[in-house]
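Shown next, in structure tokens, is the structure this report addresses.
Just so you know, ligand 1 is whichever comes first in the structure, and atom 1 is the first atom listed for that ligand.
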Amino acid sequence: MELEDLLEGAGEATEPPPPPPGGIPKQWLPGWIRWSTKWIALPFVLIDLFMQKMARKLVRPPFKQEGACKRRGNCCHYVMIRYSKNLIGRLFFLWYTQFHGFYPRMKKPQIYLGKKMYVMGCRYLQKDGSCGQYRFRPLVCRQWPVIEHFGYPHILKGCGYRSNPPYPAESDDELEGNPLLKIIK
Ligand code: SF4
């Protein structure tokens, strides 16, 4: 299936997409390494999040986030990871696949918003739409939906959040939101 078709239905899907052909790949890194590293990284993630909140209080973005998560899990169906073949890019990929449990849904990277990206699924997404590693979820999941200081809100259709003022400007219906996916840059 083409990326365009996947994204078209991402907001309205009533169940997660099927696993990739051959199933969800196993993580080769031992569990004790993965979880102990995530424990160590957690305070840094929380500090980063806190600093971002403070910055938001000091310089308010033009759009305000309203509403609440409906716990549908749709924003976890497809997560985009920036493609890069250099060492940093490879380590980045390793971190998100081996430590955070993402796996490629498509073999080849795709062009999304003009950039080459991997289309990933998340092994921690539960059938009921909840997160199986909620306390240790990565920063991108804690920040979602993104209300940028410079730019427009990134809110997946029907997720329960909306922006104030509405974006696109002509609609205040959350189902008419800006259908963007989580992007790990
Ligand atoms: S880590 Fe949790 S919140 Fe993030 S994509 Fe996976 S299931 Fe969703």
Side-chain angles (χ1 to χ4, degrees), residues 1 3 6-20 23-50 52-53 65-83 89 91-106 109-110 112-113 115 117-148 153-162 174 177-185:
M1 194 183 272
L3 181 63
L6 293 179
L7 304 185
E8 188 62 31
E12 288 94 348
T14 52
E15 54 184 50
I24 296 175
K26 286 208 165 75
Q27 289 162 294
W28 47 261
L29 206 63
W32 68 269
I33 296 183
R34 279 188 267 124
W35 288 100
S36 54
T37 308
K38 283 200 277 192
W39 262 109
I40 293 166
L42 186 61
F44 299 100
V45 172
L46 296 179
I47 289 170
D48 191 347
L49 207 61
F50 176 76
Q52 288 182 28
K53 275 190 185 163
Q65 177 184 305
E66 293 184 344
C69 174
K70 286 186 179 172
R71 297 176 193 276
R72 297 161 68 231
N74 290 45
C75 65
C76 310
H77 290 180
Y78 304 104
V79 178
M80 301 300 190
I81 296 187
R82 186 73 70 84
Y83 171 85
L91 289 174
F92 194 71
F93 187 82
L94 183 90
W95 173 250
Y96 278 100
T97 51
Q98 290 303 312
F99 291 90
H100 281 301
F102 293 106
Y103 60 87
R105 282 202 180 281
M106 295 175 161
Q110 306 285 314
Y112 183 63
L113 301 180
K115 301 268 173 7
M117 299 194 196
Y118 290 109
V119 182
M120 311 295 279
C122 179
R123 73 186 68 237
Y124 291 109
L125 177 62
Q126 309 292 292
K127 284 202 174 122
D128 63 358
S130 62
C131 174
Q133 62 161 354
Y134 190 75
R135 282 172 192 270
F136 295 95
R137 69 199 188 285
L139 194 60
V140 64
C141 303
R142 294 170 189 270
Q143 292 170 318
W144 198 258
V146 175
I147 305 283
E148 293 185 289
H154 294 189
I155 300 175
L156 190 66
K157 286 194 233 176
C159 77
Y161 287 109
R162 58 187 174 274
E174 67 186 35
N178 183 15
L180 288 172
L181 304 177
K182 281 178 187 167
I183 302 175
I184 303 173
K185 299 181 198 176

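The single protein non-hydrogen atom nearest to atom 1 (S) of ligand 1 is Q133 NE2, 3.3 Å, given as residue, atom name and distance. Protein heavy atom closest to atom 2 (Fe) of ligand 1, with residue, atom name and distance, is C131 SG, 2.3 Å. For atom 8 (Fe) of ligand 1, the nearest non-hydrogen atom of the protein is C76 SG, 2.3 Å. Counting only heavy atoms of the protein, atom 6 (Fe) of ligand 1 lies nearest to C122 SG, 2.3 Å.
Exactly one residue among M120, R105, M106 makes a side-chain contact (heavy atoms from CB on, under 4.5 Å) with Y78. That residue is R105.
Here the side chain of Q133 pairs no donor or acceptor atom with the backbone of Y124 at under 3.5 angstrom. Under the 3.5 Å distance criterion, the side-chain polar atoms of Q27 are matched with a main-chain donor or acceptor of T97. With N74 contributing its side chain and A13 its backbone, the two residues share a donor-acceptor pair below 3.5 Å. K38 places a side-chain N or O within 3.5 Å of a backbone atom of F99 that can act as its donor or acceptor partner.
Per-residue contacts place Y124 under 4.0 angstrom from the following atoms of ligand 1 (heavy atoms of the residue considered): 7 (S). The P138 neighbourhood of ligand 1 comprises atoms 1 (S), with distances under 4.0 Å to a heavy atom of that residue.
Taking backbone and side-chain atoms together, C141 has no N/O/S atom less than 2.8 Å away from atom 2 (Fe) of ligand 1.
Ring pair W35/F136: centre-to-centre distance below 6.0 Å.
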